[in-house]
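Worksheet: the structure to be examined is printed underneath.
Bear in mind the structure is a predicted one, so any value in this text is a computation, not a measurement. Proteins get letters first, then strands, A, B, ... in listed order; numbering begins at 1 in each. As a basis for the values below, the full set of heavy atoms in this structure was taken, side chains included, without hydrogen atoms, waters or symmetry mates.
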4 protein chains.
Amino acid sequence: MPKIVDHEQYRKELLAKCFDLFAEKGYAAITMRQIAEGLKVSTGTLYHYFPSKKALFEQFVEEASKQEVLMATAELEGAQTLQERAEALGKYLVKNEDYQIKWVYILVDFFQHKDAKEVQENGGFEWVTEIYKQAAYDLFGIQDRVLIAFILTFIDGLIYERLCGNRMVSIPEQCTLLGKMLTAYLVE
Amino acid sequence: MPKIVDHEQYRKELLAKCFDLFAEKGYAAITMRQIAEGLKVSTGTLYHYFPSKKALFEQFVEEASKQEVLMATAELEGAQTLQERAEALGKYLVKNEDYQIKWVYILVDFFQHKDAKEVQENGGFEWVTEIYKQAAYDLFGIQDRVLIAFILTFIDGLIYERLCGNRMVSIPEQCTLLGKMLTAYLVE
Amino acid sequence: MPKIVDHEQYRKELLAKCFDLFAEKGYAAITMRQIAEGLKVSTGTLYHYFPSKKALFEQFVEEASKQEVLMATAELEGAQTLQERAEALGKYLVKNEDYQIKWVYILVDFFQHKDAKEVQENGGFEWVTEIYKQAAYDLFGIQDRVLIAFILTFIDGLIYERLCGNRMVSIPEQCTLLGKMLTAYLVE
Amino acid sequence: MPKIVDHEQYRKELLAKCFDLFAEKGYAAITMRQIAEGLKVSTGTLYHYFPSKKALFEQFVEEASKQEVLMATAELEGAQTLQERAEALGKYLVKNEDYQIKWVYILVDFFQHKDAKEVQENGGFEWVTEIYKQAAYDLFGIQDRVLIAFILTFIDGLIYERLCGNRMVSIPEQCTLLGKMLTAYLVE
DNA sequence: AATGAATGAGCGTTCATTCAT
DNA sequence: TATGAATGAACGCTCATTCAT
């Protein structure tokens, strides 16, 4: 009998530990040695679980997407009025700002390394968007798909601005404004 | 008898030709040889004008930022009502979608390769944001800095969504909605 | 309660299955994993029976040499005249051409990986030659050691030509000629 | 202007120096680093002249084949009777024994790394055989193609026997016997 | 000024071997 | 006994950079 290891579970543990590594250096710039070191395994072990750097990255993005959605949906609950909810969103984003920024780094990297066709073919990650939409619906009680897309787009924009080091955009301030605009638009 | 060349001007010509190269492969993944080929010069020549790959990239981002702002401000003119203006913005973004996406790739790459400190120190690119804000002011006639930040943030979010292959977000549709929300919010 | 296995016999079974593996890829190019797969055991088991890749190869060559001689001597019987015997040899070589070529691959590999000294020291495989000579004596009824060496040398040359893809050399034709030359030489 | 180098000529110089390297370790066992060291260049330079290890080896075999034929044809001249010629051949082979053995190592390696189809397709090296045949014709004054093939086959067998460390086969002795057998066969 | 040959550290990956089970 | 997970040195190859011309 060989060393007893749950191959599949250990693979996922390794993937989970990759987040900061890919976020901070980017796919192309990080080396398999650095990843192995960060994961505290040898390069050989890395290749025992993943056939290539590319495959490791793709499996990682898939796994991280799932986690990201679970995290977000779990945290956004309990606020009452639209305004309260928008501000709760702001607090959530502020609290997780670093994580969100890293996630943007990872996704941008991911999409840059896919050619457009590949993205359209496998559709790949539209289900992520879909789940986000559902979360936005639950949070804001809004059905209008265009309006939900508006909110999500704005959130992404917020994170992107912070990523760019734009300290003039304040997340809570902007979320408060979002709340007001939604209210104004809906009561009209 | 050296070839007579305006060193400074040629340097800028070379930088201008780098856009697609950096956008499509990313800083880490593209090689100096590929850049040299794309620019139709030898690697030796590249190093004659730029001391290193890093320096080339940084000079490129600086130059491209300036161009980006010039382009954007030049194109957004003439619409009358707030609604018309928001929709003009939508048309502009749709027309330049590929360019905008590439620009996001480049900037994300750029910020990823800076450590946070470096970003804050040289402030670096806050003047870009500033110019965008001025452009937004000119376009929408809005003075409120938080509101302007809201609009810019939303625009960045739009481009980011497209970059992620999210075809469910329609730029014109979202811009129309932006116009309505601004109107509703301001008349209130 | 260990599985009951005749260690020594299983070792030989494993060696016997190595023939094609070493012949087709060569010692340096084949990996222990590939060998293990070909033998339908784990690498661990392989190392349980053989201390190293080198040792495995050397034990394999020794075992295969013995088999090779047994095969050859068993098959060459019954022809009467010198001419008939030479032609019987031709038929045998044609029938086993692939095997013979593989055997050349293996032996060349083996001798290449020994430095000259090692070959002379352990004498290593001269007994193989010796057995071949005895077989040639039995087959052709020739005592002259130089003449027997001539015949064996020629046979090796035949196989080597085929290995090199030289389709212009026909084994039966050449064996017929060998018969004629031997006859002419001996009757003289 | 770059460093002035005749790319093509230097490439051939490098190939010429590869002989012992490939002969002594074999294609699969020798590393590009070892080759670079043996050639006194860096690995980078090696890859500047050859796109891959495989390509280097194939170019090397092609170049070495040409040299081999030139060498052999140049040296075999001047003997008078058939017997004298056979013995001249013996002397030549003895003198070049090491080289011939190395050449066998290289060719066997080469053919092992080609699949059978590839060998038949490009025919590849039949022209080598052809030139050898011409040389044998010139040396022995023999037209019969089967007989020439016999002689060449025997020569290859001789070299192969020596490669295998078979010291009981004496090249001059065997060549003398070859002369006698040819004479006996032809006068008959 | 401009070229591209040369370098060698470092990349993604493989492999003989070890060892916990 | 038998397994296959784990290791890390070493592989083929690439790359930013230097420098003779």
Side-chain angles (χ1 to χ4, degrees), chain A residues 1-7 10-11 28-37 40-56, chain B residues 1-7 10 28-37 40-56, chain C residues 1-5 7 10 28-37 41-56, chain D residues 1-7 10-11 28-37 40-56:
Chain A
M1 267 163 285
K3 219 171 280 186
I4 288 169
V5 175
D6 183 332
H7 191 98
Y10 191 46
R11 210 192 94 244
I30 203 168
T31 72
M32 286 300 264
R33 275 168 190 74
Q34 287 168 337
I35 295 171
E37 213 173 312
K40 281 165 189 152
V41 298
S42 65
T43 57
T45 298
L46 217 45
Y47 279 90
H48 186 69
Y49 288 94
F50 308 97
S52 68
K53 189 187 181 186
K54 191 167 183 286
L56 165 60
Chain B
M1 47 179 164
K3 221 177 272 184
I4 290 165
V5 175
D6 182 331
H7 190 98
Y10 192 47
I30 202 168
T31 71
M32 286 299 263
R33 260 180 190 69
Q34 288 168 335
I35 297 171
E37 260 165 58
K40 280 165 190 153
V41 298
S42 64
T43 57
T45 299
L46 217 48
Y47 276 89
H48 187 70
Y49 286 94
F50 309 98
S52 70
K53 189 186 180 187
K54 192 166 184 283
L56 165 61
Chain C
M1 47 181 158
K3 219 176 276 182
I4 289 166
V5 175
H7 189 98
Y10 192 46
I30 202 168
T31 72
M32 286 299 264
R33 259 181 192 67
Q34 287 169 334
I35 295 171
E37 260 166 57
V41 298
S42 65
T43 56
T45 299
L46 216 47
Y47 277 88
H48 186 70
Y49 286 94
F50 308 97
S52 70
K53 189 185 180 188
K54 193 167 183 283
L56 165 61
Chain D
M1 268 162 286
K3 218 170 281 186
I4 287 168
V5 175
D6 183 332
H7 191 98
Y10 191 46
R11 209 191 95 244
I30 202 169
T31 72
M32 286 301 264
R33 275 170 188 74
Q34 287 169 335
I35 295 171
E37 212 173 313
K40 279 163 191 153
V41 298
S42 64
T43 57
T45 298
L46 216 46
Y47 279 90
H48 186 68
Y49 287 95
F50 308 99
S52 69
K53 189 186 181 187
K54 191 166 183 283
L56 166 60

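Heavy atoms of Ile30(B) sit under 4.0 angstrom from primed sugar atoms or phosphate atoms, though from no base atom. Thr43(B) comes within 4.0 angstrom of a base, heavy atoms only.
Between Gln34(A) and Ala29(C), the residue anchored nearer the 5' end of DNA chain E, judged by the nucleotide with its closest heavy atom, is Gln34(A). Both Ala28(D) and Tyr10(A) lie close to DNA chain F; mapped to their nearest nucleotides by heavy-atom distance, the more 5′-ward contact belongs to Tyr10(A).
Partners of Glu37(A) by side chain to side chain contact (heavy atoms under 4.5 Å, CB included), not counting sequence neighbours: none found. Looking at residues two or more places apart in sequence or on another chain, you find a side chain to side chain contact (heavy atoms under 4.5 Å, CB included) between Phe50(C) and Arg11(C), Leu14(C), Leu15(C), Leu46(C), Leu56(C), Gln59(C). Scanning for side-chain hydrogen bond (donor to acceptor under 3.5 Å, both in side chains) contacts around Ser42(B) gives Thr45(B), with sequence neighbours left out. Every residue meeting the ring pair (Phe, Tyr, Trp, His ring centres under 6.0 Å) condition with Tyr49(A), not counting sequence neighbours, appears here in chain and number order: His7(A), Tyr10(A).
The NE2-P distance, from His7(A) to dA20(E), rounds to 21 Å in whole Å. If you measure from atom NZ of Lys53(C) to atom C1' of dC15(E), you get 8 Å, rounded to the nearest angstrom. The separation between Ile35(D) atom CD1 and dG8(E) atom C1' is 17 Å, rounded to whole Å. Across the protein-nucleic acid pair, Asp6(D) atom CG and dA20(F) atom P stand 21 Å apart, rounded to whole Å. In this structure, the CE atom of Met32(B) is 6 Å from the P atom of dT17(F), given to the nearest Å. Atoms NZ (Lys40(A)) and P (dT7(F)) sit 13 Å apart, rounded to a whole Å. We find that CG of Leu56(B) is positioned 15 Å from C1' of dC15(F), with the value rounded to whole Å. Rounded to an integer number of Å, the gap from Lys54(B) NZ to dT17(F) P is 11 Å.
The listed nucleotides are dC13(F), dT18(E), dG8(E); the one nearest the side chain of Ser42(D) is dG8(E). The side chain of Thr31(C) has dA16(E) as its nearest neighbour among dA16(E), dG12(F), dG8(F).
Nearest heavy atoms, Thr43(C) versus Met32(C): CG2-O, 4.3 Å. The two residues Ala55(B) and Ser52(B) have their closest heavy-atom pair at N-OG, 3.1 Å. Minimum interatomic distance between Tyr47(D) and Lys53(D) (heavy atoms only, all atoms of both residues): OH-N, 4.5 Å.
Below the 3.5 angstrom threshold, one finds a donor paired with an acceptor across the side chain of Arg33(D) and the base of dG12(F).
Within residues 44-51 of chain D, the residues that have a heavy atom under 4.0 Å from DNA chain E are, in order of number, Gly44(D), Thr45(D), His48(D), Tyr49(D).
In DNA chain F, consecutive stretches of 3 or more Watson-Crick or G-U wobble pairs with both distances under 3.5 Å are given as paired ranges: E:2-21 with F:2-21.
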